[in-house]
2 protein chains.
Amino acid sequence: MSRAEALSPARLKDAAPLFAALGDATRLGLLVSLCSGGPVTVTHLSGQFAVSRQAITKHLEVLSEAGLVKSTREGRERIWAFEPKRLDDAHAYLERLSKQWDVALGRLKAFVET
Amino acid sequence: MSRAEALSPARLKDAAPLFAALGDATRLGLLVSLCSGGPVTVTHLSGQFAVSRQAITKHLEVLSEAGLVKSTREGRERIWAFEPKRLDDAHAYLERLSKQWDVALGRLKAFVET
DNA sequence: AAAAAATGCAACCAAGGGGTTGCATCAAAA
DNA sequence: TTTTGATGCAACCCCTTGGTTGCATTTTTT
């Protein structure tokens with residue numbers, strides 16, 4: 001069988017923190033902002049949300065550790081930017097799940113028809 | 001513009017708990033099991049994991065509230081089954097994010113080339 | 001009717017998460 | 001060289017989470 005590797009425990013341990021990072025409304029909002037608005041600073045971002053700057057910083061750090069965002073220092077300010085690669089990973093994980101489900105359905109169908 | 005609706009705050013509030021439910025290695029493992037192995041009972045599932053039956057029950061309830069799983073009573077046991085619809089939702093959310101990013105890139109390119 | 005199997009319920013616990021405030025730093029302007 | 005703007009760091013708080021154990025309940029099975 002040459003199909004893509006299934007979802008091993010190792011992969012799950014990689015996927016979990018990625019989805020966890022996506023599992024917060026504020027963080028999703030930040031992603032949308034960075035995604036559609038281009039690279040900006042924390043103080044600029046925190047203007048768009050109802051929470052403090054430090055709260056936003058923490059969220060950005062979570063996103064950063066998940067690889068969904070990256071920051072670069074520029075003088076006295078730090079610029080945050082969206083990082084699309086990891087989003088594709090998340091996408092791929094979901095894809096694998098769906099595929100596995102389809103395979104199971106196929107097996108069931110084959111069994112019923114036998 | 002007739003493109004699909006963007007990621008409004010309302011949508012984010014729906015997406016967040018969905019991703020949050022996916023953001024745990026044990027829960028992902030449960031999904032994989034249910035996805036590839038077919039409907040089973042809690043006690044059967046808990047045999048495949050290192051945690052107690054009650055822990056698994058709690059995880060299944062989280063997945064259920066996220067709409068990723070559903071259960072039916074059958075005599076003295078409760079059968080848990082994978083629910084693929086919500087997975088497509090998650091998929092769609094990610095898709096919207098990517099798309100928004102592509103649009104932003106397109107704008108940037110257009111701007112640079114002007 | 002009694003024993004066994006599968007769940008449900010509740011209390012409890014330690015750790016982590018999301019949030020805040022206050023103050024220290026560091027770079028840029030005036 | 002002050003002053004101002006943007007961050008960084010740290011302590012603290014409360015609530016949620018993931019996990020446990022113990023016992024009650026409900027169906028089967030014997």
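Reminder, nothing fancy here: chain letters follow the sequence lines and each chain counts from 1.
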When the distance from [atom1] of [X] to [atom2] of [N] is rounded to whole Å, what number comes out?
| X | N | atom1 | atom2 | result |
| --- | --- | --- | --- | --- |
| R76(A) | dA6(D) | CZ | P | 6 Å |
| W80(B) | dA6(C) | CH2 | P | 17 Å |
| R73(B) | dT7(C) | CZ | C1' | 6 Å |
| I56(A) | dG18(C) | CD1 | P | 12 Å |
| R78(B) | dA5(C) | CZ | C1' | 16 Å |

Open item on the list: On DNA chain C, compare the nucleotides closest to T43(B) and E77(A); which residue's is nearer the 5' end?
Closed with: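 Upstream on the strand: T43(B).
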TODO: Just jot down the side chain to side chain donor-acceptor pair (under 3.5 Å) partners of T43(A), sequence neighbours excluded, or say none.
DONE: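 Counting only residues at least two positions away or on another chain, T43(A) forms a side chain to side chain donor-acceptor pair (under 3.5 Å) with T41(A).
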Open item on the list: I want to check one thing: is the phosphate of dG8(D), taken as OP1 and OP2, less than 4.0 Å away from some side-chain N or O of T57(A)?
Closed with: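 The answer is no; no side-chain N or O of T57(A) sits under 4.0 Å from OP1 or OP2.
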Task: Base versus backbone protein contacts along nucleotides 9-23 of chain D [heavy-atom cut-off under 4.0 Å; B, S, -] - done: B--------SBBBB-
- [ ] Kindly write out the residues that satisfy salt bridge (charged side-chain N to carboxylate O under 4.0 Å, His left out) with D88(A), not counting sequence neighbours, or none if the list is empty.
- [x]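 Residues passing salt bridge (charged side-chain N to carboxylate O under 4.0 Å, His left out) with D88(A): none at all.
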Open item on the list: Under the side-chain contact (heavy atoms from CB on, under 4.5 Å) test against R27(B), which residue among V32(B), L60(B), L63(B) passes?
Closed with: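 Only one option passes, and that is L63(B).
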Open item on the list: Listing request: all salt bridge (Lys or Arg N to Asp or Glu O under 4.0 Å) pairs with a residue in residues 73-83 of chain A, at least two apart in sequence or in separate chains.
Closed with: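 As it turns out, the salt bridge (Lys or Arg N to Asp or Glu O under 4.0 Å) pairs with a partner in residues 73-83 of chain A, which skip direct neighbours, are K70(A)-E83(A), E83(A)-K85(A).
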Open item on the list: Tell me which pairs pass ring-ring contact (aromatic ring centres under 6.0 Å, His included) where either residue lies in residues 13-37 of chain A, with sequence neighbours left out.
Closed with: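 Not a single pair qualifies under ring-ring contact (aromatic ring centres under 6.0 Å, His included).
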Task: Summary of ring-ring contact (aromatic ring centres under 6.0 Å, His included) pairs that have at least one residue in residues 57-82 of chain B, sequence neighbours excluded - done: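 Non-adjacent pairs meeting ring-ring contact (aromatic ring centres under 6.0 Å, His included): W101(A)-F82(B).
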